[in-house]
Amino acid sequence: MKKVLIISSSPRKNGNSQLLCEKFKEGAESQGNEVCLIRLAEKNIGFCHACDACMKNGGICVLQDDMREILEKYKEADVLVLSTPVYFYGISAQMKTFIDRTYPIWQHLGKKEVYYIVSAGLQREIIERSLGDLDGFVEHLEEYEIKGKLYAENVMEAGKVAKTALPEKAYVMGQMV
Ligand SMILES: Cc1cc2nc3c(=O)[nH]c(=O)nc-3n(C[C@H](O)[C@H](O)[C@H](O)COP(=O)(O)O)c2cc1C
């Protein structure tokens, strides 16, 4: 049994990446894993102030918001799923804010098995050139293995991915964690 944390960063509740995250969760749970799926859009998470207080006080952020409980979930997780839509050849602002707010523990990001779930209106090459911020975060982990990447390309409208084979792929990927 593994602990799985899914960070879903689309603002669209019925969006493509969110749907794939839900299927991944179902698959992982079907094998007895403990899964926590967090929609960042539903959380109160402020921007990093870059005050460096956390670097001087043992890793406590001055912002008292939902990132506290999310960091606790992060520390416990064996498996980390990072999910984002492509926005302007990059990741969502919500995902970047989450990443920046891991700063209090950036030297202790631990060991994780990592998956990416990404959706985009355009084609696969666009997705591949858009994920530098995810890679940059993951490279800061103490130990990691990128175990899977699921790309939903050509899905501009919310929910369009439901008509493809990708939800099933996400389910199977979740089953295999
Ligand atoms: C602000 C914004 C910027 C976007 N920029 C891009 C882009 O650069 N490339 C692309 O392929 N799609 C882009 N899209 C389309 C989304 O990536 C696409 O609709 C995707 O399926 C959204 O994921 P979601 O359904 O999980 O929210 C953009 C959408 C928005 C709202």
Side-chain angles (χ1 to χ4, degrees), residues 3-30 33-48 50 65-67 69-71 73-74 77 79-102 112-139 141 144 146-177:
K3 287 192 175 179
V4 181
L5 175 63
I6 306 175
I7 302 292
S8 175
S9 73
S10 171
R12 301 202 289 195
K13 197 173 185 178
N14 58 347
N16 298 299
S17 54
Q18 172 68 19
L19 174 66
L20 296 178
C21 287
E22 285 165 13
K23 288 290 168 190
F24 188 104
K25 179 174 187 276
E26 281 175 33
E29 283 177 340
S30 75
N33 298 292
E34 192 182 312
V35 185
C36 174
L37 167 50
I38 292 177
R39 272 195 76 230
L40 294 179
E42 288 170 1
K43 301 291 180 183
N44 171 30
I45 304 175
F47 297 128
C48 173
D65 61 16
D66 292 339
M67 199 59 198
E69 81 176 80
I70 295 175
L71 278 183
K73 295 274 183 205
Y74 174 89
V79 177
L80 177 67
V81 181
L82 297 172
S83 177
T84 184
V86 168
Y87 285 171
F88 288 95
Y89 294 169
I91 62 174
S92 67
Q94 288 83 352
M95 178 58 80
K96 186 64 169 73
T97 303
F98 162 80
I99 289 172
D100 289 349
R101 289 290 307 280
T102 65
K112 312 281 176 207
E113 293 170 4
V114 180
Y115 294 80
Y116 292 171
I117 294 179
V118 185
S119 52
L122 301 176
Q123 69 279 20
R124 187 181 180 87
E125 300 74 62
I126 300 294
I127 298 180
E128 277 164 353
R129 64 175 272 194
S130 302
L131 303 182
D133 288 331
L134 290 191
D135 294 338
F137 169 67
V138 171
E139 283 167 25
L141 271 64
Y144 68 89
I146 298 187
K147 302 263 292 195
K149 295 179 180 180
L150 195 60
Y151 296 158
E153 57 182 335
N154 299 316
V155 288
M156 196 62 87
E157 305 83 37
K160 194 176 173 193
V161 77
K163 298 188 190 111
T164 72
L166 289 174
E168 179 60 20
K169 273 195 180 173
Y171 184 88
V172 171
M173 208 178 240
Q175 276 184 318
M176 310 284 279
V177 297

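Atoms within a ligand are numbered from 1 in the order they appear, just like the ligands themselves.
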Nearest heavy atoms of [X] and [Y], plus distance in Å:
X     : Y      : value
Pro11 : Ala41  : CA-CB, 3.9 Å
Ala77 : Leu5   : CB-CB, 3.7 Å
Phe47 : Arg101 : C-CD, 4.0 Å
Ser17 : Ser119 : CB-OG, 3.5 Å

Any atoms of ligand 1 less than 4.0 Å from a non-hydrogen atom of [X]? List them with their elements.
X      : result
Phe88  : 1 (C), 3 (C), 4 (C), 5 (N), 6 (C), 7 (C), 8 (O)
Val155 : 18 (C), 19 (O), 20 (C), 21 (O)
Gly121 : 10 (C), 11 (O), 12 (N), 15 (C), 16 (C), 17 (O), 18 (C)
Ile126 : 9 (N), 11 (O)
Asn16  : 21 (O), 24 (P), 25 (O), 26 (O)
Gly15  : 25 (O), 26 (O)
Ser10  : 24 (P), 26 (O), 27 (O)

> Is the closest side-chain heavy-atom distance between Thr102 and Met67 below 4.5 Å?
Replying inline: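 When only atoms from C-beta onward are counted, Met67 and Thr102 do touch, with a gap below 4.5 Å.
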
>> Using side-chain heavy atoms (C-beta onward) and a distance below 4.5 Å, is Phe24 in contact with Leu37?
In response: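 No. Closest side-chain heavy atoms not under 4.5 Å.
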
>> Looking at non-hydrogen atoms alone, which of Val86, Leu20, Leu19 comes nearest to atom 16 (C) of ligand 1?
In response: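 Looking at heavy atoms only, Val86 sits closest to atom 16 (C) of ligand 1.
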
For [atom], what's the nearest protein heavy-atom neighbour? Residue, atom name and distance, please.
atom                    : result
atom 23 (O) of ligand 1 : Ser119 OG, 2.7 Å
atom 11 (O) of ligand 1 : Leu122 N, 2.8 Å
atom 26 (O) of ligand 1 : Ser17 OG, 2.6 Å
atom 19 (O) of ligand 1 : Met156 O, 2.8 Å
atom 31 (C) of ligand 1 : Tyr87 CE2, 3.6 Å

>> Considering both backbone and side-chain atoms of Gln18, is one of its nitrogen or oxygen atoms within less than 3.5 Å of a nitrogen or oxygen in ligand 1?
In response: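 So ligand 1 has no N or O lying under 3.5 Å from an N or O of Gln18.
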
> Are there more than 12 heavy atoms of other residues, nucleotides or ligands under 6.0 Å from atom NZ of Lys169?
Replying inline: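 At most 12 heavy atoms, drawn from other residues, nucleotides or ligands, come within 6.0 Å of this atom.
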
>> Tell me if a side-chain donor or acceptor on Ser9 pairs with a main-chain N or O of Gln94 at a distance below 3.5 Å.
In response: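 It does not hold such a pair.
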
>> If you apply the rule side-chain hydrogen bond (donor to acceptor under 3.5 Å, both in side chains), what do you find for Gln18 with Ser8, and how did you get there?
In response: CA-CA 6 Å; Gln18 172 68 19; Ser8 175; 2.6 Å; yes

